[in-house]
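Quick notes on the structure that follows.
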Amino acid sequence: MRLLDLLRFSILALRRQRFRSAMLLTAVGLGVSAVVILTALGEGARGYVLGEFAYLGTDTVIMIPGRKETTGGMPPMTGVAAHAITLEEMEVLQRAVPGVTSLAPMVMGNGPVSYKSRERDSMVVGTTAAFFPLRKLEIAQGSGLPELALGEGKQVAVIGQKLKEALFDSGRAVGQWIRLRDYRFRVVGVLAGSGDSFGADLSEAIFIPVASAQAVFNVHGLFRVTLKVKENYQVEAVKSAIAKQMQALHNGELDVTIISPDAMLSTFDSILRVMTLGVAGIGAISLVVSGILVMNVTLMSVKQRTAEIGLLKALGAPSSQVRTLFLTEAGLIAAAGAVLGILVGHGVVLIGAKVYPGVPFATPAWALWASLALAIGTALLFAWLPAQQAADMEPVDALGKK
Amino acid sequence: MIEVSGVNKTFVLGDSTVHALADINLRIEQGEYVSVMGPSGSGKSTLLNMLGLLDRPDNGRYSLNGVDTQTLDENERARLRREQIGFVFQSYHLIARLTARENVEMPLMLAGVPAKERHEAVAGILEKLGIAKRADHLPNQLSGGERQRVAIGRSIVMKPALLLADEPTGNLDSRSGAEVTQILENLNREGITLLIVTHDNSMGDRARRRIRMVDGAVATDKTFEHVA
């Protein structure tokens, strides 16, 4: 039988059983669109996280106090490390480790920020001028923090866009004095953009020189230090140079953790890849379930068209041809359902991307092909049994049935 | 061309065994016109199914055009049906979703003949059977006589040597029945071997050779020189 005739014959048969065809189309379509949508979600999450890491760049290293050991025992809580990381040590690092261009120490806290009668509880970040280029934050108005010696405090602040709006509305912020706890700071700059970074909304934060933050919160140790690696230096080599230096400063004890975002990036990437596969698998289950429907519908079709099967055999159709006819019907409806599912799934993904512009929803090409192949493959697999039943019928028995 | 010897076929119905075919020996030459008559349950339809390779005998020998059929597998039997045997059924067995033309084309389509050649082959047959004008109608838009003519068209489109008809006029009024009979006899005159199973004596008596079956066995087998 020619392919064109085969397809035409199958389509005519499918059109005769409109309701059943529509049911199959819906089931397969739902399964495929589930795969399309779920993988888009997974890929969106992965893209989102990777994008966050990309902000840090691959040439930075983060140092936090305390050390996470994998050899057992309680992990140290933040801030209770035997030795805090101090600003003086950072001065040593800057001088002694040749691979470090700039470093941005951080002291974090929360406090009420007020201007005239308005007050807002804000995240306070004590840092240096180097912080802004390191985190790729842009200044919309005024300037960043001034270049100061690490230990030098100054009554100046950079504020995020949302904080600025909360305190000043559309008025001018740069040059105004604001109050943080018992200290007064002059606003020298306003951040641009939303500044969403690692779950913390930096647009609601206030940035002050690190020494000033230590005074405000009365702390000595640093919360975290971001270091930029010089060009032509190996990140790993610089990492171990920093570790060695810190060990020397801490009386031979290595009690800091040094992370390179690059290494974390690949870890997260592989975790999220597995997650995408996992949710794709959940979608695939619904496709396999639709295969059971395919089997039922084909079984019904075979029972109902027994006389036709008998006729085909009387006209000289070999068993394999009878089987092919029923498999083609199942395969065709699965293919149509898959295409429908891909279109619907794509539509939903596009709408999702419109509603949440921050998350890069996109169905990977492999998911499209895999769901199409799985839909058709499942349909053929599940239709095989009833199709073989049709093929195995004795012509005289089949003809006699109405 | 047809040689049947020592063929038996039994069915088990409940706890009784029915001898549908009991030691049948038969020889039918190419171009013969044979009617098989008998009361219902006499095994005449089973004989037709067996000759049409739709059914297998329990034992015995059946050779069609020199081919021993009892050793063939199902695919080879299908090929013989396709190439050498045409069937006409009482209930037509047309495919409802296909037009008259497509129903006639069906065997050619299954055999993989290209559409253009199919159309040429079918056009002549539709013309000859007087249903050319109804070619694009669906079976449910046709009268009984027309449907049976479509079925006959389908049975001869592969130019078989043997035409097996099971009560071909059973569902028809006398006028369309006579027309269908006329068509079948014309085909026989052109050389096809025609075997008609019927319980209608007036139809059976038109054949030169008349076989009467009783309880699965051939009771009488007479050949007449002159036909009424």
Side-chain angles (χ1 to χ4, degrees), chain A residues 1-22 300-329 332-333 387-402, chain B residues 9 11 20 45-57 72-99 102-118 138 151 154-155 157-158 160 164 166:
Chain A
M1 205 165 167
R2 297 179 161 251
L3 184 67
L4 214 64
D5 289 328
L6 183 64
L7 293 179
R8 212 181 91 78
F9 190 82
S10 299
I11 288 168
L12 277 174
L14 289 170
R15 274 174 45 186
R16 278 286 284 199
Q17 14 189 325
R18 247 164 250 249
F19 179 70
R20 270 183 266 161
S21 301
M300 249 197 289
S301 184
V302 167
K303 287 273 175 285
Q304 217 170 55
R305 283 155 65 191
T306 303
E308 181 185 321
I309 293 165
L311 172 77
L312 291 174
K313 293 198 156 211
L315 296 183
S319 302
S320 59
Q321 198 166 31
V322 173
R323 190 178 57 218
T324 304
L325 280 172
F326 282 93
L327 286 180
T328 306
E329 281 176 34
L332 263 182
I333 200 84
Q388 188 61 48
Q389 243 177 44
D392 288 342
M393 282 181 188
E394 282 295 330
V396 66
D397 296 338
L399 264 174
K401 297 229 170 73
K402 257 283 154 196
Chain B
K9 177 85 185 174
F11 295 107
S45 283
T46 309
L47 177 67
L48 178 130
N49 288 336
M50 203 266 299
L51 292 177
L53 298 173
L54 297 174
D55 206 352
R56 288 169 189 271
L72 300 179
D73 67 18
E74 185 46 41
N75 278 340
E76 291 164 324
R77 288 161 66 89
R79 218 193 69 220
L80 270 189
R81 285 198 294 269
R82 183 167 69 221
E83 291 170 356
Q84 309 214 6
I85 306 168
F87 293 95
V88 177
F89 306 99
Q90 177 175 6
S91 53
Y92 326 124
H93 274 298
L94 298 178
I95 297 180
R97 58 182 178 277
L98 301 181
T99 63
E102 289 166 334
N103 267 291
V104 175
E105 276 184 19
M106 199 63 210
L108 294 169
M109 200 173 101
L110 290 171
V113 176
K116 199 164 162 281
E117 285 175 43
R118 290 205 305 254
L138 292 173
R154 181 182 63 196
S155 73
V157 75
M158 295 292 286
L164 299 172
D166 193 354

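Within every chain, numbering begins at 1; the chains are lettered A, B, ... in the order of the sequence lines, protein sequences first and strands thereafter. Atom set for the values below is all heavy atoms of this structure, side chains included, hydrogens, waters and symmetry mates excluded. Treat the numbers as computed from the prediction; the structure is a model and nothing was measured.
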Whatever's closer than 4.5 Å to a heavy atom in chain B on A:R305 counts as side chain
Check B:R82 against A:G316 and note the closest heavy-atom contact, atom names and distance.
-> NH1-O, 3.1 Å
Verify the neighbour count for atom CZ of B:R56: are there more than 12 heavy atoms of other residues, nucleotides or ligands below 6.0 Å?
-> yes
Apply the test side-chain contact (heavy atoms from CB on, under 4.5 Å) to residues B:F87 and A:L311: give CA-CA distance (whole Å), side-chain angles for both, the deciding distance (0.1 Å), then the verdict.
-> CA-CA 9 Å; B:F87 293 95; A:L311 172 77; over 6 Å; no
Tell me, side chain or backbone of B:L98 under 4.5 Å from chain A's heavy atoms, or both, or neither?
-> side chain
When rounded to the nearest 0.5 angstrom, what distance separates CZ in B:F89 from CG in A:L399?
-> 4.5 Å
Is there side-chain contact between A:R16 and B:I95, with heavy atoms separated by less than 4.5 Å?
-> no
Is it the backbone or the side chain of B:E102 that comes under 4.5 Å from a heavy atom of chain A, or both, or neither?
-> side chain
B:M109 and A:R8: CA distance, side-chain angles, deciding distance, side-chain contact (heavy atoms from CB on, under 4.5 Å) verdict = CA-CA 11 Å; B:M109 200 173 101; A:R8 212 181 91 78; over 6 Å; no
Could you state the interatomic distance from CD1 (B:I85) to CG (A:L315), rounded to the nearest 0.5 Å?
-> 11.5 Å
What distance separates B:E74 CD from A:E394 CD, expressed to the nearest 0.5 Å?
-> 6.0 Å
Test side-chain contact (heavy atoms from CB on, under 4.5 Å) on B:R118 and A:D5 and set out the steps.
-> CA-CA 12 Å; B:R118 290 205 305 254; A:D5 289 328; 2.6 Å; yes
For residues B:L110 and A:A317, report the shortest heavy-atom separation together with the two atoms involved.
-> CD1-CB, 4.1 Å
In short, A:K313 meets B:R81 closest at the heavy-atom pair O-NE, 2.7 Å
Rounded distance [0.5 Å steps], CG in A:L312 versus CE in B:M106 | 5.0 Å
Okay, B:R154 and chain A: the region with an atom under 4.5 Å from a heavy atom over there is side chain
A:R2 side chain near B:P114 side chain, heavy-atom distance below 4.5 Å = yes
CD on A:Q321 to CG on B:N75, rounded to 0.5 Å | 10.0 Å
